[in-house]
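To keep things clear, I will list the structure first and then write my remarks on it.
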Amino acid sequence: MHKWRDLVFGPGRAVLVLAVTQILTWGILIYPPVLTMPHLVAAHGWTLAFGMAGFTLGLVTSGLLSPTIGGLIDRHGGNVVMASGALAGALGLALMPFAMHPVAYFACWLLLGTAMATNLYDPAFATLTRIFGANARRQITFVTFAGGFASTVGWPATHLLLEKLGWQGTYLTFAAVFACVVAPLHAFALPRHVAATPAPAAQATTEPPPQAFLLPHGRPFLLLAAAFALYSFILSGVTSNLLALLDRGGLSAAQAVAIGAMFGPAQVAARLADFVLAGRTHPLWIARGAVVLVVSAFALLSLLGVSFPVAALFAIAFGAANGVMTIARGALPLLMFGPNGYGRVIGRIARPAQFVQAFAPFVVASAVETLSDRHVLMLATLGALVVLGCFLGIKTPGSARR
């Protein structure tokens, strides 16, 4: 009874609120462009590459803002910060149908980039850590588990809206969801509870000022940031080109779509397993195991070539690995650097990851034109080995110092 009461009236309500808003924000900000963009650029007479440049600008904007947003959540909580960002997203979505000039179009994406920085996983993790402190791992896992259904909701909903309302009506509907559902949930339903932090040690007067604790540095932090950045590059670059790669490998369009559809359920299944085991397995070992799975998946596809069974195994392995890597991105900085200043820490980790995520699809597509698919897959395998090396280089889990 106590647990159910906490889910409604206590700090546990944050998990339910963020589970809902993560599905909505990922399902509106990240997944729809692949469906809406062809309609938008056709209406304006632009190229698809020009249209997608707006999405890239949004990701870059999110990366630039991430450390600042994390610091604001550390100080003020997710209520004000996430709600304000949701309203900025609602404005960008509402103006998109009327942005006939390129400058106005990119201005909309600046607003949407602000919404990304304030409403996706990283600010949600920062909000949960502010509320639950060092014990936030289980809550982070549950929220990512719910967020794994975003594509399941986002793509069908976008397709239906495009059929019924057209691309302009779709964007206006998305704006209404942000303004009338996401922003109010963040503003009024998120708990304002702040986890208790340990009292300062007696020798605190001889230690650096508090702001120093917001800036982790040194080898562990650099290895962690590099690992997640390179992993984000591989994930973004390969997934954005995966269907085309499978098509060139001889699979039919139906088979390629079926392969792509396996990624999401594998992701959710892996997160469910982590949710069950949360607290029993160190997130650093979770991350290492996930990257080993990624290396195996890419090596399998590059060595055996594209066939339906091999591609299916690749999608399942890569999806499962990504499912738990998302959790590790939230839980590992918390364990290594603690809950104090966590929002700024995860924001600093997110910045390079979002930069490379924004440009990876273009870089990988260009590499495919110059090299063969097999060589690109081999390079991805080597990149994943570098990621594994970064995680293996973190020698003292749980004892890193800021």
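Val306 is not listed as a side-chain neighbour of Val310, based on a closest heavy-atom distance of 4.5 Å or more. The closest side-chain heavy-atom distance from Leu18 to His186 is below 4.5 Å. Considering only heavy atoms from C-beta on, Asn322 comes within 4.5 Å of Tyr231 through its side chain. At a threshold of 4.5 Å between non-hydrogen side-chain atoms, the residues Arg192 and Asn79 count as touching. Contact annotation: the side chain of Asp74 never approaches that of Thr129 to less than 4.5 Å [non-hydrogen atoms, C-beta and beyond]. Between Val20 and Leu16 the shortest side-chain heavy-atom distance does not fall below 4.5 Å. Residues Leu224 and Leu332 form a side-chain contact, since some pair of their non-hydrogen atoms from C-beta on lies under 4.5 Å apart. Proximity of Val153 to Tyr31: side-chain heavy atoms (C-beta onward) are nowhere separated by under 4.5 Å.
Heavy-atom contacts from other residues, nucleotides or ligands closer than 6.0 Å to NE2 of His76 number more than 12. Atom CZ of Phe308 has more than 12 heavy atoms from other residues, nucleotides or ligands within 6.0 Å. The number of heavy-atom neighbours closer than 6.0 Å to CZ of Phe55, taken from other residues, nucleotides and ligands shown, is above 12.
Classified by interplanar angle (parallel below 30°, tilted 30° to 60°, perpendicular above 60°), the ring pair Phe263/Phe318 is perpendicular. By the 30° and 60° cut-offs, the orientation of the rings of Phe142 relative to Phe145 is tilted.
Here the shortest heavy-atom pairing between Cys390 and Ala227 reads CB-CB, 3.7 Å. Considering every non-hydrogen atom in both Ala117 and Pro123, the closest pair reads O-CG, 3.4 Å. Nearest approach of Asp122 to Arg329, heavy atoms of both residues: OD2-NH2, 2.7 Å. Closest approach of Thr158 and Gly27 over heavy atoms only: OG1-O, 4.4 Å. A pairwise comparison of heavy atoms in Leu59 and Gln354 identifies O-CB, 3.9 Å as the closest pair. Heavy atoms only, all atoms of each residue included: Gly147 and Gln22 are closest at CA-CB, 4.4 Å.
Taking the six-membered ring wherever Trp is involved, the centroid distance between the rings of Phe298 and Phe314 falls below 6.0 Å. In this structure, Phe228 has its ring center closer than 6.0 angstrom to the ring center of Phe391.
Looking only at distances, no side-chain donor or acceptor of Ser236 sits under 3.5 Å from a matching main-chain atom of Phe233. A donor-acceptor contact shorter than 3.5 Å is absent between the side chain of Arg348 and the backbone of Pro67. With Arg137 contributing its side chain and Ala328 its backbone, the two residues share no donor-acceptor pair below 3.5 Å.
Remark: Leu57 CG to Phe106 CZ distance equals 7.0 Å, nearest 0.5 Å. In this structure, Phe362 CZ and Thr56 OG1 are separated by 10.0 Å, a value rounded to the nearest 0.5 Å. Taken to the nearest 0.5 Å, the CD1 atom of Ile234 stands 9.0 Å off from the CE atom of Met325. Note: Leu334 CG to Ile346 CD1 = 9.0 Å, rounded to the nearest 0.5 Å. To the nearest 0.5 angstrom, Phe125 atom CZ is 12.0 Å from Gln139 atom CD. Residue Ile349 holds its CD1 atom at 11.0 Å from OG of Ser66, rounded to the nearest 0.5 Å.
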Checking side chain to side chain contact (heavy atoms under 4.5 Å, CB included) for the pair Ile327/Ile286: CA distance, chi angles, key distance, verdict? CA-CA 9 Å; Ile327 297 169; Ile286 293 288; over 6 Å; no
Evaluate the criterion side-chain hydrogen bond (donor to acceptor under 3.5 Å, both in side chains) for residue pair Tyr171 and Trp167; output intermediate values, then yes/no. CA-CA 6 Å; Tyr171 274 107; Trp167 72 272; over 6 Å; no
Pair Phe337-Tyr342, ring pair (Phe, Tyr, Trp, His ring centres under 6.0 Å): steps then yes or no: CA-CA 8 Å; Phe337 305 111; Tyr342 173 86; 9.5 Å; no
Thr21 vs Leu190, side chain to side chain contact (heavy atoms under 4.5 Å, CB included): CA-CA, chis, key distance, verdict: CA-CA 11 Å; Thr21 58; Leu190 270 180; over 6 Å; no
What do the steps show when you test Val60 against Phe359 for side chain to side chain contact (heavy atoms under 4.5 Å, CB included), and what is the final call? CA-CA 9 Å; Val60 171; Phe359 295 102; 3.9 Å; yes
Intermediate values then yes/no, side chain to side chain contact (heavy atoms under 4.5 Å, CB included), Leu246 and Gln255: CA-CA 9 Å; Leu246 297 177; Gln255 288 176 317; over 6 Å; no
In residues 373-385, what donor-acceptor pairs under 3.5 Å come from side-chain atoms, sequence neighbours left out?
| residue | atom | partner | partner atom | Å |
| --- | --- | --- | --- | --- |
| Asp373 | OD1 | Arg248 | NE | 3.4 |
| Asp373 | OD1 | Arg248 | NH2 | 2.9 |
| Asp373 | OD2 | Arg248 | NE | 2.9 |
| Arg374 | NE | Ser302 | O | 3.2 |
| His375 | ND1 | Ser372 | OG | 2.6 |
| Thr381 | OG1 | Leu377 | O | 2.9 |

Acceptor/donor pairs from residues 84-97 side chains to any protein atom, 3.5 angstrom cut, sequence neighbours excluded:
| residue | atom | partner | partner atom | Å |
| --- | --- | --- | --- | --- |
| Ser84 | OG | Val80 | O | 2.7 |

Name each donor-acceptor pair under 3.5 Å that joins a side chain in residues 39-52 to protein atoms two or more places apart or in another chain, with its distance.
| residue | atom | partner | partner atom | Å |
| --- | --- | --- | --- | --- |
| Thr47 | OG1 | Phe50 | N | 3.1 |

